[in-house]
Structure formats: structure tokens, C-alpha cells
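It should be emphasised that the depicted structure is a prediction, and the values quoted were computed from it without experimental measurement.
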Amino acid sequence: MNASPLSPAQPQAPAQQAAAAQGATLYGGVTNRRVTVRDLAAAKQRGERWSMLTAYDALTAGVFDEAGIPVLLVGDSAGNCHLGYETTVPVTMDQMVMLSAAVVRGTKRAMVVGDMPFGSYQESPAQAMHNAARLMKEAGVGAVKLEGGERSARSIELLVEAGIPVMAHIGLTPQSVHALGGYPVQGRGDEAAHQLLRDAKAVQQAGAFSVVLEAVPAELAAQVTEQLSVPTVGIGAGAGTDAQVLVWTDMAGMTAGRVPKFVKQYADLRSVLGGAARAFAADVADGSFPAAEHSFS
């Protein structure tokens with residue numbers, strides 16, 4: 001699966017060429033404002049594929065923003081890759097507000113989507129409204145994301161009616177890890193595939209501006225993408241979706257041990273950072289750091 005944005009060296013369709021000339025493309029376009037839901041809808045219409053990465057702090061988010069990533073997701077995946085939890089379930093609303101606010105402060109162009117953590121929206125649409133409003137008001141995100149298809153449709157509808165853009169998330173929903181017994185691929189078999197299609201159409205009907213498809217067979221994800229008028233974002237869903245998302249620590253090679261099959265590692269930052277730390281420690285041990293140029297007189 002190639003999640004890379006379209007290279008300028010590759011041929012573009014006429015609509016993409018015109019958009020690029022006007023600075024309207026999501027990747028490579030020049031703009032002095034935030035990416036919006038209208039930009040994402042327009043990208044689907046012209047067939048432009050786009051990228052999304054997770055981010056959890058201002059420094060990293062700034063790097064991705066400068067790189068031109070149009071959408072940054074402050075995922076509850078922070079629980080796994082930054083907070084030391086085994087799953088996303090323990091992540092709290094306060095933690096998501098803090099992390100989301102940092103990402104917003106570190107960016108100028110990217111749309112920032114804040115994840116709704118487990119327990120922040122399942123109880124009722126009113127609970128979802130209260131917590132989504134916190135992410136919008138306290139963190140300043142441009143949209144929120146929540147898991148679930150038909151079961152979450154009413155909450156999505158209420159949020160959208162209140163003016164809160166919602167990115168839906170179906171297929172493998174990590175907050176349901178205990179109910180699923182792990183992280184199995186979803187949508188295999190006729191019944192499961194039909195349910196996934198129903199979920200996708202339900203969240204679109206409720207007003208979601210985009211739908212994440214996680215751990216779904218590629219053929220099924222392509223079928224969902226074709227049937228929806230809103231953009232789909234794949235993660236472990238093949239190349240037929242409108243966009244691709246990866247957890248940044250997986251993408252950049254920071255994750256220790258085995259990574260999911262769908263991850264492509266574009267760097268080996270874990271080795272680079274470890275090497276830098278070892279070099280620093282060695283310099284301190286042998287007295288070569290700090291040298292005269294690192295000291296005040």
C-alpha cells in the first residue's frame with residue numbers, strides 16, 4: 001500500500017493540473033488558511049488523494065504542517081505510542097483536550113481533527129455534544145472523530161446539527177478491542193460486508209464529512225469509497241480509498257517491535273534517536289561534552 005502523495009513528476013489529470021495551478025490542491029497547494037471540510041469534498045470530486053498523519057504535540061505537528069500534510073489527527077492512539085497504555089481505552093477527555101490544543105498551537109494550515117476517547121460519547125448524544133464542544137472550544141480543533149457506524153449515527157447527527165464537523169470511523173474500532181477480542185480484520189464474509197456498507201451509509205446520512213475505514217479488505221473498502229459521496233480514509237484498507245492515514249510513530253520507524261502489516265516505514269527514527277542518545281552519553285562519560293564552545297566565560 002502506497003500512502004505517499006502524488007509526486008509532481010507523475011502525470012496529473014486535467015482537473016488536478018488546474019487545481020495545482022490555482023494553489024487549490026491539498027498537497028503541494030499554496031494557501032494561507034486552514035484546510036476545511038469543503039477542501040476535502042472538492043478533493044474527492046477532482047480525484048485527488050490526500051494524506052493524514054497522527055500528531056500529539058506542537059513540535060511534531062509543526063513539522064508535518066510544514067511538510068504539507070493537509071489533515072492531522074490527534075488520535076487516542078496517543079495512549080499506545082505516547083502514554084504507555086496497552087490500548088486506547090484508558091485515554092481521558094482531559095488528555096485529548098491537552099494534546100489537541102498543543103497540535104493546534106503548532107500548526108497553521110492543517111485541519112486538526114480531535115479524537116473522542118472511549119467513554120466520552122457512547123452514553124448518549126448529549127454526552128457526545130458536551131465533549132465534542134470541549135474539543136472545539138478548549139482545544140480549537142476543526143473537527144472531531146468518533147468510532148461506530150449505525151450505533152453512533154444519532155450522535156453524529158446532533159453534532160453536525162450543532163455545527164461540529166465529524167469524521168466517522170468504522171471497520172476495526174480500537175476502542176472496542178475487548179469486545180472484539182483483539183484487532184481482527186473487519187468486513188470479511190457477506191454479512192459483515194453488508195453491515196460495513198450499512199454503517200458507512202448511516203454515518204454519511206448523519207452528516208459525517210469523511211469516514212475512516214480501518215482493517216477492511218481492500219475490495220470492500222474500494223466498494224464503500226465508490227458508493228459514498230464523502231471522502232474515505234483508509235488504514236489497512238488498501239489503495240482504493242480517497243485518503244490514507246498512518247500513526248506517525250509507525251510511519252517514521254519510532255515504534256519498537258512488530259508493526260501492523262499495513263504500515264510502511266518511511267524512516268528509522270528509533271535508530272537515529274538512539275544513536276544520538278548514545279553519542280551524547282559517551283561524550284559526557286569521557287568529558288568531551290561540554291567543550292569550551294558549549295560553555296560560558
Where at least one partner belongs to residues 177-189, residue pairs that pass side chain to side chain donor-acceptor pair (under 3.5 Å), sequence neighbours excluded
none
Exercise: do Thr232 and Thr225 side chains pair donor with acceptor under 3.5 Å
yes
Under the salt bridge (Lys or Arg N to Asp or Glu O under 4.0 Å) test, which residues partner Asp65, sequence neighbours left out?
none
Return each pair, listed once, that meets side chain to side chain donor-acceptor pair (under 3.5 Å) where at least one residue sits in residues 199-210; pairs must be two or more places apart or across chains.
Gln195-Asp199, Lys201-Gln227, Gln204-Ser229
Shortest non-hydrogen contact between Gly253 and Asp268, atoms and distance:
O-OD1, 3.9 Å
State which residues pass side-chain hydrogen bond (donor to acceptor under 3.5 Å, both in side chains) with Thr249; sequence neighbours excluded, sorted by chain then number.
none
Considering residues at least two apart in sequence or located in another chain, which fulfil the side-chain hydrogen bond (donor to acceptor under 3.5 Å, both in side chains) criterion with Ser155?
none
Side-chain donor-acceptor contact under 3.5 Å, Tyr56 with Ser100
no
My understanding is that only residues two or more places apart in sequence, or in another chain, count here; which of them pass side-chain hydrogen bond (donor to acceptor under 3.5 Å, both in side chains) with Thr87?
none
Set of residues satisfying salt bridge (Lys or Arg N to Asp or Glu O under 4.0 Å) with respect to Arg33, sequence neighbours excluded
Asp39
Residues 138-147, side-chain donor-acceptor partners within the protein, below 3.5 Å, at least two apart:
residue: Glu138; atom: OE1; partner: Arg134; partner atom: NH2; Å: 3.1
residue: Glu138; atom: OE2; partner: Arg134; partner atom: NE; Å: 2.9
residue: Lys145; atom: NZ; partner: Asp115; partner atom: OD1; Å: 2.9
residue: Lys145; atom: NZ; partner: His169; partner atom: ND1; Å: 2.8
residue: Glu147; atom: OE1; partner: Gln175; partner atom: N; Å: 3.1

With sequence neighbours left out, the residues meeting side-chain hydrogen bond (donor to acceptor under 3.5 Å, both in side chains) with Asp286 are Ser288
Would you please name every residue forming a salt bridge (Lys or Arg N to Asp or Glu O under 4.0 Å) with Glu157, sequence neighbours left out?
Arg154
For residues 207-222, the salt bridge (Lys or Arg N to Asp or Glu O under 4.0 Å) pairs (sequence neighbours left out) are none
According to salt bridge (Lys or Arg N to Asp or Glu O under 4.0 Å), who are the partners of Arg105, at least two apart in sequence or on a separate chain?
none
